[in-house]
Amino acid sequence: MIKKLPHPSTTLITAGRESRLNHGIVNPPVYHASTILHPTVESLEKKTLPYSYGRRGTPTTTALQEAIAEIEGGYRTLLAPSGLSAVTTALLAHLDHGDHLLMVDSVYGPTRSFCEGILRRFGIEVDYYDPLIGADISQLFKSNTKVVFTESPGSLTFEVQDIPAIAKAAHARNIIVMLDNTWATPLFFRAFDHGVDICIEAATKYFCGHSDVMMGSITCTPATYEKTLAGHGTLGMSVAPDDVYLLLRGMRTMGVRLKQHMETGLRLANWLKAQPEVARVLHPALESDPGYALWKRDFTGASGLFSILLKPCAHEAMSAMLDHLEYFGMGYSWGGFESLIVPQYPKSVRSATKWQEEGYLLRIHAGLEDVSDLIADLDAGLARLRAYG
Ligand SMILES: *Cc1c(COP(=O)(O)O)cnc(C)c1O
């Protein structure tokens, strides 16, 4: 009988734990280390110990790396001190002077800033492409194209990309496909089953889940691992053991948390869609969304992050709505237990496509509060917006 592969929600609980090696204690110990002592010259010079130096890892970091690799269904995982550093490390590890990078136009803003501010300076060509391009990405390939970077759905505006079509075109030309999978997590999008070569997560968001740790992960296929490892090591990427511990702790409940984020997010999205002040809801799991068909084909769930487009209104009216919300905090990042709302301005972070909407775009993170309280809060906010006139 072939053993059934566990559901990813089960792997979330079992992965990266070796209680037998740790007195039966459920969670791994926190090793604080820089120096690791070697007993002999031979051991020192031939690196015979499993660990050689704190920066390069300890049993604590191994526990999290193995856990994420298993949950992603990838080969191996490397950790970085933030989601952004995971993105920049993966790109720097694989791009050389003179290479060409294709970057999705709806990418996370700071990823774009890295391309503009650092990669261009180092002589790497960057072209942005329409997130809806699909197989036509091949028309943008040049002889020096090395990496296609994807993020699906897109930051702020939630366009769903046809990752399998992009991966097929890229692989025909030996081009590496990277994905920022932060929105869906491996629970709702199986990157490696859809042709991705390197899957990046801002673990700061849902993996952590408690708004208190910065972390990023880079998970590779066997073919992309060695080069990524070399770049990661050379760049000096290292994460703190207490953060790793908190990350592992938060991650265990990601399955139940995400189900709730999804349900509450959809309830809010549907309620908001019916409000007269709302022009459009940008949420790929709504049937009315242009990305719905691809989302339905490729994803197994939706997280709690989406946007709404308000009908054009005064800045003061939008502020009146947001300034006095009781449960929705205003602040960056997302994926924690609490609800958030922030105005966002995609116009300034697009170049291959245009964002021409006039109204304010509000990005919402549906937290774990009861949905009835969240709806009442938004209802009162929209009443303040209306009252402004
Ligand atoms: C937040 C975010 C990042 C960056 O993560 P940090 O841990 O904040 O550096 C990268 N990609 C996406 C899609 C994000 O939302």
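Please read these numbers as outputs of a predicted model, since none were measured by experiment. Sequence positions, counted from 1, serve as the residue numbers for this chain. In each ligand, atom 1 is the first atom listed, and ligand 1 is the first ligand listed.
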Which one of D99, L101, L102 satisfies the side chain to side chain contact (heavy atoms under 4.5 Å, CB included) criterion with V126? L101
Do the side chains of E66 and R76 get close enough for a salt bridge, i.e. N-O under 4.0 angstrom? no
Every residue of the protein that comes under 4.0 Å of ligand 1, judged on heavy atoms: S82, G83, L84, Y108, E151, S155, D180, T182, A202, T204, K205, M214, W334
Contacts satisfying ring pair (Phe, Tyr, Trp, His ring centres under 6.0 Å) that involve residues 84-140 (not counting sequence neighbours) are none
Give me each pair satisfying side-chain hydrogen bond (donor to acceptor under 3.5 Å, both in side chains) with a member in residues 294-315, each pair once, sequence neighbours excluded. D162-R297, W183-S303
Can you name the residues that form a salt bridge (charged side-chain N to carboxylate O under 4.0 Å, His left out) with K46, not counting sequence neighbours? E42
With under 30° as parallel and over 60° as perpendicular, where do the rings of Y345 and Y360 fit, or are they tilted in between? perpendicular
